[in-house]
Number of protein chains: 2
Amino acid sequence: MTEPRWLDEREQRAWRALMAMQDGLAEFLERRLRQRSGLSTADYQVLAHLSEAPAGRLRSFELGGLLRWEKSRLSQHLGRMETRGLVSRERCRTDQRGAVIAITARGGELIEAAAPQHTADVRDAFIDQLTEAELETLAAIGDKVRTRLAALTPKGQPSSGT
Amino acid sequence: MTEPRWLDEREQRAWRALMAMQDGLAEFLERRLRQRSGLSTADYQVLAHLSEAPAGRLRSFELGGLLRWEKSRLSQHLGRMETRGLVSRERCRTDQRGAVIAITARGGELIEAAAPQHTADVRDAFIDQLTEAELETLAAIGDKVRTRLAALTPKGQPSSGT
DNA sequence: AGCAGTTGGTTCACATGTCAACCAGATCGG
DNA sequence: CCGATCTGGTTGACATGTGAACCAACTGCT
């Protein structure tokens, strides 16, 4: 087995900086959001998608597609949000097994209040620290990597592959 | 209350690309690592730090500082890793309450086997997709944001290293 | 129509992370 | 020394994420 190409200085630095930034950013945003609105980032994303959807409602699987969540995760999370009165589940007319998820009035109020704060936090901690060129580069990087990941993940995972 | 500055096109794009990349990358690496070595990324990081430490051992709080994990998380995780025979806990001589965490032979073998694979995955999905300039920019971004986060966080963050 | 296979969702068991409370051993001020 | 306080670490209750099993409704094919 050949010795792999380890990461050199520059590569290490970029990789670690990214990971560290990510952890810090996620933790920061999660904490602020929860403190000020009682929402987790997961709640926030669900409500954001619902509030942008026509009539504030989406089929469960559509929501799952947008969020890229596992279906069991979505189901569990919606159950909790329903208990808290943030969303409601309705039966679908055209497909008898389907669930239509609707944002409630309370959910709507909460995300309306949370959104400006959250946006300000994202700006403050992230966007406003960077130049336009950096933002461009970042977007390009993100797209490249996502494309690559899509290519590497062909629906089923190659268990042996080596 | 004044209307906040929402994110413009460019900003949205960069932010979403970053978040999407992050999710995809984390999930990809987690899956590969677990499939091929039975380790989670959390396990991997613990073992990586231990294997680089003198004599393969660290005080629990030192390890926590390096990982930036909450102490209860570390304690819980080490408990599980101990059960699986990846690390062992010893009493500290100089401080009677202290725990010294040591990597076991089995833990050593596992990370030795996992490291090249993991590095290859990081390269394949991420590093090798980017130009040197992009890596530089990314490192700069990461540093800036981390610095900003440190300034925004009321608590003191025990900067490990330096 | 009828039956196989797919799809949308839920549920269970379990892995992992967080918070607060707790305990025991250090430390410090008299 | 003694007590107050700090520090390192563990624990228990609970929130959240994952995978497999399951159920019921839809689709396709004959």
Side-chain angles (χ1 to χ4, degrees), chain A residues 23 26-35 38-46 57-84 86-102 155-157 159, chain B residues 22-24 26-35 38-46 57-84 86-102 155-156 158 160:
Chain A
D23 286 357
E27 197 208 307
F28 172 73
L29 292 175
E30 178 80 39
R31 198 167 299 279
R32 296 279 272 227
L33 205 47
R34 189 171 303 260
Q35 267 176 359
L39 297 173
S40 66
T41 54
D43 299 330
Y44 184 88
Q45 287 173 37
V46 169
R57 54 195 70 214
L58 283 172
R59 282 293 297 275
S60 198
F61 75 97
E62 296 176 305
L63 189 50
L66 291 170
L67 293 164
R68 291 165 202 236
W69 282 7
E70 307 235 341
K71 62 182 180 175
S72 81
R73 175 182 182 185
L74 182 60
S75 181
Q76 304 263 23
H77 203 90
L78 289 176
R80 292 185 297 253
M81 291 180 74
E82 191 177 21
T83 302
R84 293 195 285 149
L86 304 179
V87 302
S88 65
R89 290 189 225 229
E90 304 164 1
R91 271 234 149 305
C92 177
R93 264 136 229 246
T94 63
D95 186 336
Q96 231 26 52
R97 51 203 170 153
V100 175
I101 313 302
K155 198 168 187 180
Q157 50 276 63
S159 41
Chain B
Q22 181 54 37
D23 286 358
E27 196 208 307
F28 172 73
L29 293 175
E30 179 79 39
R31 198 168 301 278
R32 296 281 271 227
L33 205 47
R34 191 171 300 258
Q35 268 177 357
L39 297 174
S40 65
T41 54
D43 299 331
Y44 184 88
Q45 287 173 40
V46 168
R57 53 194 69 213
L58 284 172
R59 281 294 297 276
S60 197
F61 74 97
E62 295 176 305
L63 189 51
L66 292 169
L67 293 164
R68 292 166 202 239
W69 281 8
E70 307 233 341
K71 62 183 182 174
S72 81
R73 174 182 181 185
L74 182 59
S75 181
Q76 304 264 21
H77 202 90
L78 290 175
R80 292 185 298 251
M81 291 181 74
E82 191 176 20
T83 302
R84 292 195 286 150
L86 304 179
V87 302
S88 65
R89 288 190 226 228
E90 305 165 2
R91 270 236 151 302
C92 176
R93 267 142 227 237
T94 63
D95 186 336
Q96 232 25 51
R97 351 161 247 195
V100 174
I101 313 301
K155 305 176 180 182
S160 48

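In the text below, chain A, chain B and the rest are named by the order of the sequence lines, each starting its count at 1.
With sequence neighbours left out, B:Ser75 forms a side chain to side chain donor-acceptor pair (under 3.5 Å) with no residue at all. Partners of A:Asp23 according to the side chain to side chain donor-acceptor pair (under 3.5 Å) rule, which considers only residues two or more places apart in sequence or in another chain, do not exist here. Taking B:Glu62 as the reference, nothing meets the salt bridge (Lys or Arg N to Asp or Glu O under 4.0 Å) condition, with sequence neighbours excluded. Not counting sequence neighbours, the partners of B:Arg57 by the side-chain contact (heavy atoms from CB on, under 4.5 Å) test are B:Ala55, B:Glu90, B:Val100, B:Ala102. In this view, A:Ser60 satisfies the side chain to side chain donor-acceptor pair (under 3.5 Å) rule with no residue, not counting sequence neighbours. In this structure A:Tyr44 satisfies the ring pair (Phe, Tyr, Trp, His ring centres under 6.0 Å) test together with A:His118, sequence neighbours excluded. Partners of B:Ser88 according to the side chain to side chain donor-acceptor pair (under 3.5 Å) rule, which considers only residues two or more places apart in sequence or in another chain, do not exist here.
D:dA15 atom P lies 13 Å from atom CG of A:Asp43, rounded to whole Å. Spacing between atom CG of A:Leu86 and atom C1' of D:dT16 amounts to 15 Å, rounded to whole angstrom units.
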Once base and sugar-phosphate atoms are separated, protein heavy atoms under 4.0 Å mark nucleotides 4-13 of chain D, 5' to 3', with B, S and - as ---BBBBBBB

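For the residue pair A:Gln96 and A:Arg91, the shortest heavy atom distance occurs at O-CZ, 3.5 Å.
Taking the 5' to 3' direction, DNA chain C first and last meets chain A under 4.0 angstrom from a heavy atom at C:dT7 to C:dC19.
For the OP1/OP2 pair of D:dG17 and a distance below 4.0 Å, the side-chain nitrogens and oxygens of A:His77 include at least one atom meeting the criterion.
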